[in-house]
Amino acid sequence: MINSKSLKQLAFLTVLLLSFSSAIAQRKIEVDFNKEKGILPNVFKEGVGAGRAFEGLGEQWQNQLRQVKKDCDFTYLRFHALFHDEMDVYKEDANGNPIYNWQKIDQLFDFLLSIKMKPFVELSFMPVALRTNDQTVFHWKAYISPPKSYPKYEALIEAFVRHLEQRYGKPEVKQWYFEVWNEPNLPSFFSGSQQEYFKMYAAAAKAIKKVDPTYKVGGPASAGTQWVKETIDFTEKNQVPLDFISTHYYGVKGDLDETGNRVLMMKPDKDVVIKAIERVRQQIDETSKKGLELHITEWSSSYSPLDPVHDTYQNATYVLNVLKNTEHNANSMSYWTFSDIFEELGQSDKPFHGGFGLMTINDLKKPTYFAYKYLNQLGKTELLNKDSASWVCKTDENVQLLLWNFTYSNQNGLDNARFYTQDIPSKTAGNTTINIKNLVNGKYHLLLYKTGYKQNDIYTAYAEMGRPEKLSFSQIEKLKSLSTDAPTKSKKISVKNGEFTYNVNVNENDVYFLKLVKTN
């Protein structure tokens, strides 16, 4: 027998459930084709990262970048170790005179320009002949010391930039960025002090501006958005050129994971990357450098190349949430990285090892790849839209709409290595109604694409295979067949009275891309 107290509790729960159901079902994306917000900021595709320069000489790496360029259309590529000795850039003769060799840099830069990309030139690390100590970082031993001779270091930078100018021409090089070093605030990456970094920065900036004062130089390329104000203060006080600030931020707890042995967990605040970049923009704008370009030259959910979160379908919506909410604070958001061909800890041969890349070592496209692919298909003109997790754009009479549900996972105390290797089905997030007014009447081709749990989700499919240590050709082809990004809906429709309405059932961490293509 149910007593009155139980009835009251049941009634309360019923109301609560109905309210919750109503809340998740009430999402509406309503836009007017004639009400424009303006030109869509392309912050999301201004840049992407790669491991190091030497890796860029490999055929598979280049083939992957060619594919990423085709689908995602990134403008700049940033990578480490341009001056590592494996690139044969700098040696000295018996008398200590410099010997420069640009052959391998030319080979790499020629390739980038051939696919219509540009280098975001990170000036790192120290050539062996210029080092002051034997401290290194990574499997491939990057020398992290300040230069033994600042005149020789300055001469190297000047000779390098003059060579670029001679080979590619001033108009091209004026479009590039020269970034001094990588994460000098971490002892793992720079054995000198902050003041020694600033001295090195000043030498590099002087050398670059000596070639052409319009060439862009900046830094400090810091980890964790550090050293921003100090860099501005130093350059102002000492009248050193600074054309942009660059810095990095990741969404996991902790510092550099050089060994790959750290226990990692996502930071509890789902918007931590967004807030960090907001703080940097505020720091800049509180100085005389208000409005200075800000480039986030590394960012991702995790700073470890062995973190399974990178491979998951949840990572795609994590990325979209950050990009949506940083587009007016940063000039570029360079995702780290485009490929799992990445050798900082030695190249992993495991098909899914939590690598940074948008693509795996077997040329398979991860869910986050498709988030960037959809972004690249948005039209140039953005429409006014109150929904906080979508973009709606237009090109001529066509419409493109990218929407997602970002639901931050409760890891229940589990680290990333244990939590993101589980099967994590997505729960319903309710119905989303799309309403577009003032379209041109007529016939359209409606195309709907989806990325989410078991849709363009090769990581879950790999787990269902039993997580084999190596993939056979047939397994690779099977995973490719599950990530072709074929439309989930393709049909002809007619628009009358200028209005289009469509309902989508959205699950947690789903990404949907809808296109309305006007037909004759």
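Ring geometry, H80 versus W336: the interplanar angle falls from 30° to 60°, so the pair is classed tilted. The aromatic rings of F342 and F356 sit perpendicular to each other, their planes meeting at more than 60°, with 30° as the lower class boundary. Ring-plane geometry between F244 and F120 is classed as perpendicular, the angle between the planes exceeding 60 degrees on a 0 to 90 degree scale with a lower cut at 30.
We find that K216 and E293 are not joined by a salt bridge, their nearest charged nitrogen and carboxylate oxygen being 4.0 Å or further apart. No salt bridge links D457 with K454; every basic N to acidic carboxylate O contact stays at or beyond 4.0 Å. Between K275 and E278 there is no salt bridge, since none of the side-chain N atoms of the basic residue sits less than 4.0 Å from a carboxylate O of the acidic one. Taking a cutoff of 4.0 Å between a charged side-chain nitrogen and a carboxylate oxygen, E298 and R78 qualify as a salt bridge. Look at K365 and D485 and you find no salt bridge, because none of the NZ, NE, NH1 or NH2 atoms lies under 4.0 Å from a carboxylate O.
Side-chain contact check for D271 and Y408: no donor-acceptor pair (N or O, by modelled atom type) lies under 3.5 Å. Under the 3.5 Å distance criterion, with hydrogens and angles disregarded, a donor-acceptor pair is assigned to the side chains of S332 and H295. No hydrogens or angles considered: a donor-acceptor pair under 3.5 Å links the side chains of E179 and T297. Side-chain N/O atoms of N405 and T407 include a donor and acceptor closer than 3.5 Å. Between the side chains of N182 and S124, not a single donor N or O lies within less than 3.5 Å of an accepting N or O.
Formation of a donor-acceptor pair under 3.5 Å by the K69 side chain with backbone atoms of K116 is found in this model. Side-chain atoms of N362 never come within 3.5 Å of backbone atoms of L364 as a donor-acceptor pair (strictly under, hydrogens ignored). Side chain of H139 to backbone of E343: no donor-acceptor contact under 3.5 angstrom is found. Of the possible polar contacts, one joining the D285 side chain to the G291 backbone as a donor-acceptor pair under 3.5 Å is found. With hydrogens and angles disregarded, a donor-acceptor distance shorter than 3.5 Å links the side chain of H84 to the backbone of K141.
F109 and W176 have their aromatic ring centers within a separation under 6.0 angstrom. Aromatic pair W181/Y197: centroids not less than 6.0 angstrom apart. The aromatic ring centres of W61 and F54 sit 6.0 Å or more apart.
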> Should Y335 and Y369 be marked as a ring pair (Phe, Tyr, Trp, His ring centres under 6.0 Å) after you check the CA-CA gap, both sets of side-chain angles, and the distance that decides it?
Replying inline: CA-CA 11 Å; Y335 185 78; Y369 184 103; over 10 Å; no
>> What verdict does the ring pair (Phe, Tyr, Trp, His ring centres under 6.0 Å) test give for Y372 and F74, after you've listed the backbone C-alpha separation in whole Å, the side-chain angles of each residue and the deciding distance to 0.1 Å?
In response: CA-CA 9 Å; Y372 278 104; F74 295 110; 5.2 Å; yes
> Does the pair S426 and N509 meet the rule for a side-chain hydrogen bond (donor to acceptor under 3.5 Å, both in side chains), with working shown?
Replying inline: CA-CA 7 Å; S426 58; N509 294 302; over 6 Å; no
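Each of Y512, Y313, Y374, W404 was checked for a side chain to side chain donor-acceptor pair (under 3.5 Å) with T451, and the lone residue meeting it is Y374.
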